[in-house]
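In the text below, chain A, chain B and the rest are named by the order of the sequence lines, each starting its count at 1.
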Amino acid sequence: MDKNQLIEILNKIGVLLEIKGENPFKSKAYYNAARTLENLDEDIESLIREDRLKDLKGIGDALNKKIIEYYTTGRIEYYESLKAELPESLLEIMNVPGIGPKKIGVLYRQLGIKNIGELEYACIENRLIELPGFGEKTQKKFLDGIMQYKKYQGKYLYSEAYGQAEEILSYLKSCKDIINIEVAGSLRRKREIIRDVDILVSSSKPQEVMDIFLNGPYVRETIAAGETKSSIYTRYGIQVDLRVIGPEEYPYALQYFTGSKEHNVAMRHRSKEMGLKMNEYGLFRGEENIQVKDEVELYKMLGLDFIPPELREDMGEIEAAANHSLPYLISDKDIKGIFHVHTIYSDGKATIEEIAYKAKELGYEYIGITDHSQSAFYAGGLKEEDLLRQWDEIDHLNEMIGGVKILKGIESDILIDGSLDYPEELLKRFDFIIGSVHSNFGLSEYNMTERIVKALQNPYLTILGHPTGRLLLSREGYKLDIKRVIDEAARNNKIIEINANPYRLDMDWRMLKIAKEKGVRFAIGPDAHNIEGLKDVKYGVGIARKGWLEPQDVINCMDMEDIIKLF
DNA sequence: GCCGTTTTCGGCCCGACTGTTTTCAGTCG
């Protein structure tokens with residue numbers, strides 16, 4: 001059975017119920033059940049077979065029956081009947097900022113609007129303003145929201161949002177009325193996809209700060225302007241929210257605005273059980289605000305170890321913090337060397353020499369050069385004679401440049417039959433080999449999995465490169481039984497790449513913890529095609545942190561001697 | 001729809017901002 005599809009259906013039922021105007025707690029129950037399944041470590045099918053589904057928090061009789069129904073028939077009759085009542089296309093309207101389920105319900109019932117296109121047309125035709133609860137401004141807000149959605153789908157890469165945040169932060173820092181300033185929200189949690197930038201400021205003169213923010217050179221349009229919260233669209237299109245609070249409220253607000261929403265809900269639930277109340281202004285026992293000086297103390301007051309922002313996704317971190325079993329997360333300074341760099345030999349822009357000097361400047365002990373292999377003709381893949389030439393150059397540079405060791409690697413295509421791209425005599429001469437899929441993306445899940453499994457059984461493969469092949473916001477990964485790939489990597493003692501290129505961030509952080517528990521180790525690779533690209537390693541470290549990884553899980557943290565031994 | 005050492009019924013996290021309202025619903029995070 002397809003667990004992801006089941007989760008999607010449960011979420012869709014939740015939204016449809018909201019649009020219908022049902023008891024909001026009923027829809028919440030569906031969202032909760034979907035989340036529970038999403039964070040499930042165990043195999044859902046065995047839970048069903050052993051009739052243990054009901055033991056899960058948030059799944060009672062009704063949802064248990066519906067999940068079993070999906071397991072046995074592949075569909076849920078309740079969902080089908082909801083879809084017969086309300087068109088599924090209503091769900092896409094939820095993506096437009098500023099429009100929620102209640103308004104969607106009214107639009108459908110009163111005007112028969114079923115999708116974004118019809119809504120846009122109705123706005124242009126001025127048909128919304130007569131509806132109860134609607135007006136001129138609502139209609140304009142919807143139209144703006146639709147434009148925004150159509151242009152950007154409201155989603156940005158972490159690296160893009162990070163760049164915007166940097167620009168605004170450096171502009172605001174000149175303001176003398178600001179005491180503390182920090183990026184919060186999903187950006188602080190280092191999510192791979194960002195919907196908006198949240199900035200938190202403490203100041204005793206909030207209005208001054210707001211004025212400066214709203215008049216910055218980056219502002220294209222103001223969405224909201226209040227006393228403690230304002231929102232804008234930047235010229236680049238991304239939404240930025242600024243919250244200003246008093247200095248004594250800073251730790252509570254920072255925790256609150258960092259999220260995630262789900263983490264905060266769980267935190268407030270915990271505080272409530274302890275007889276406390278939590279919000280962005282404090283932690284209260286009755287009327288008394290319990291004073292803390294930073295987030296560390298705030299978590300401590302709730303009986304928890306400090307939870308790093310990257311882990312705040314309500315995926316077991318609160319339980320781990322309560323029983324002192326949080327991981328000691330990897331950080332940038334643990335990285336001693338990097339793998340996966342392209343040069344002018346294939347499709348890179350920099351010479352090996354330039355890369356080596358840059359790596360040395362960045363403080364790395366070693367750098368793995370991995371150009372494309374011969375089948376990657378579109379990327380100038382290396383023929384045997386090119387390899388020999390490259391190896392000579394590397395030998396020469398290793399003698400010339402001290403302090404950084406250049407490793408002879410290759411990013412070998414994993415061919416359609418699962419084999420690597422050179423004969424054995426050549427394969428055995430590399431220091432290490434990254435194997436990646438670059439062709440025949442359309443294979444069935446079974447065939448693609450077999451292809452990669454075969455590569456993982458190849459004694460010459462060291463690292464499995466960008467395991468799903470996804471390109472964030474533009475291309476889905478190929479169909480793959482990722483659990484099987486993880487098992488096979490563990491069995492053959494193969495390393496899985498965390499591709500740090502901001503367009504990839506592959507393997508996904510949600511799978512890292514699972515793979516780690518199976519004993520898999522990881523290599524962070526910038527997949528750099530120029531000098532600047534070497535700095536992308538930081539994005540990979542962020543993803544490793546989100547995946548609960550510690551220095552011993554990541555081979556980039558080994559020193560050069562140990563790396564040579566490992567390879 | 002779920003849940004229970006206050007509970008099997010009556011709760012379910014909390015607050016800011018906007019717009020359409022004359023005191024609040026909807027949306028967002």
Side-chain angles (χ1 to χ4, degrees), chain A residues 10 13-15 17-19 21-36 53-67 78 93-107 128-142 144-145 154 184-189 191 194-200 206 210 222-232 239-245 249 252-253 255-273 275-284 312 314:
Chain A
L10 294 178
I13 291 176
V15 181
L17 289 174
E18 282 196 88
I19 294 174
E22 286 266 2
N23 177 359
F25 295 107
K26 186 168 168 178
S27 29
K28 211 184 124 184
Y30 280 90
Y31 299 138
N32 283 342
R35 272 197 66 76
T36 300
L53 215 46
K54 275 200 302 255
D55 300 344
L56 296 175
K57 200 169 156 50
I59 295 181
D61 277 337
L63 272 152
N64 183 42
K65 275 195 190 117
K66 290 190 174 77
I67 294 168
Y78 183 55
I93 307 179
M94 286 290 288
N95 293 316
V96 179
I99 309 185
K102 293 294 191 304
K103 290 253 191 308
I104 292 174
V106 173
L107 289 166
L128 264 57
I129 52 175
E130 294 304 322
L131 295 174
F134 289 64
E136 188 97 35
K137 290 198 172 171
T138 313
Q139 182 170 272
K140 180 170 185 316
K141 189 173 82 173
F142 283 12
D144 290 346
S186 52
L187 207 49
R188 185 166 181 239
R189 301 200 314 278
R191 291 284 292 220
I194 304 289
R195 286 184 173 275
D196 66 4
V197 173
D198 295 292
I199 299 175
L200 179 68
M210 280 298 175
T222 302
I223 304 166
E227 283 172 37
T228 69
K229 181 192 168 185
S230 293
S231 301
I232 57 145
Q239 179 176 333
V240 180
D241 296 342
L242 178 72
R243 309 288 302 231
V244 186
I245 42 85
E249 295 156 348
Y252 312 99
Q255 194 284 325
Y256 182 89
F257 292 120
T258 297
S260 64
K261 187 178 161 191
E262 290 78 9
H263 175 85
N264 285 355
V265 168
M267 288 286 287
R268 286 195 288 270
H269 192 74
R270 182 181 177 88
S271 64
K272 201 172 179 179
E273 281 178 346
L276 306 171
K277 191 180 91 159
M278 248 187 126
N279 60 28
E280 57 263 60
Y281 303 112
L283 178 65
F284 301 93
R312 300 182 195 170
D314 192 24

Can you tell me the distance, in whole Å, between the CZ atom of Phe142(A) and the C1' atom of dT27(B)?
-> 9 Å
Mind checking the NZ-CG spacing from Lys141(A) to Leu128(A)? Nearest 0.5 Å is all I need.
-> 12.0 Å
Using whole Å, report how far NZ of Lys28(A) lies from C1' of dC3(B).
-> 12 Å
Give a yes/no on whether any side-chain N or O of Lys277(A) is located under 4.0 angstrom from OP1 or OP2 of dG15(B).
-> yes
Provide, to the nearest angstrom, the distance between the CZ atom belonging to Phe25(A) and the P atom belonging to dG10(B).
-> 15 Å
Is the backbone N or O of Gly282(A) less than 3.5 Å from a side-chain atom of Asn279(A), with the two atoms forming a donor-acceptor pair by type?
-> yes
Whole angstrom is fine here: how far is it from CD1 in Ile19(A) over to P in dT27(B)?
-> 10 Å
Within this structure, what is the CZ-to-P distance between Arg189(A) and dG29(B), rounded to whole angstrom?
-> 12 Å
dC3(B) pairs with, by Watson-Crick or G-U criteria that keep both distances under 3.5 Å | dG10(B)
Of Met94(A) and Ile223(A), whose nearest nucleotide on DNA chain B comes first from the 5' end?
-> Ile223(A)
Determine whether any donor atom in the side chain of Tyr256(A) lies under 3.5 Å from an acceptor atom in the base of dG15(B), or the reverse, and answer yes or no.
-> no
Test item: Tyr31(A) side-chain N/O and Val15(A) main-chain N/O as donor-acceptor pair under 3.5 Å = yes
Value in whole Å for how far the P atom of dC2(B) lies from CG of Asn64(A) | 9 Å
For dC17(B), take OP1 and OP2 only and decide whether either is under 4.0 Å from a side-chain N or O of Thr228(A).
-> yes
Phosphate contact (dC12(B) OP1 or OP2) by Tyr31(A) side-chain N/O below 4.0 Å | no
d(CG, Asn32(A); P, dG1(B)) in whole Å = 14 Å
Quantified in whole Å, what is the C1' atom distance between nucleotide dT8(B) and nucleotide dC2(B)?
-> 12 Å
Below 3.5 Å, does any donor atom in the side chain of Asp61(A) face an acceptor in the base of dG1(B), or the other way round?
-> no
Per-nucleotide protein contact string for nucleotides 21-26 of chain B (B base, S sugar-phosphate only, - none; heavy atom under 4.0 Å) = S----S
Test salt bridge (charged side-chain N to carboxylate O under 4.0 Å, His left out) applied to Asp144(A) and Lys140(A), step by step | CA-CA 6 Å; Asp144(A) 290 346; Lys140(A) 180 170 185 316; 2.9 Å; yes
With sequence neighbours left out, what residues match Thr258(A) under side-chain contact (heavy atoms from CB on, under 4.5 Å)?
-> Ala184(A), Arg188(A), Arg189(A), Leu254(A), Glu295(A), Pro309(A), Arg312(A)
For dT20(B), take OP1 and OP2 only and decide whether either is under 4.0 Å from a side-chain N or O of Thr138(A).
-> yes
Can you check whether Lys229(A) has a side-chain N or O nearer than 4.0 Å to OP1 or OP2 of dC28(B)?
-> no
Inter-nucleotide P distance (dC14(B), dT22(B)), Å rounded = 28 Å
Beyond-backbone contact of Lys28(A) with Asn32(A), side-chain heavy atoms, under 4.5 angstrom | yes
OH of Tyr252(A) versus P of dG15(B): gap in Å, rounded?
-> 15 Å
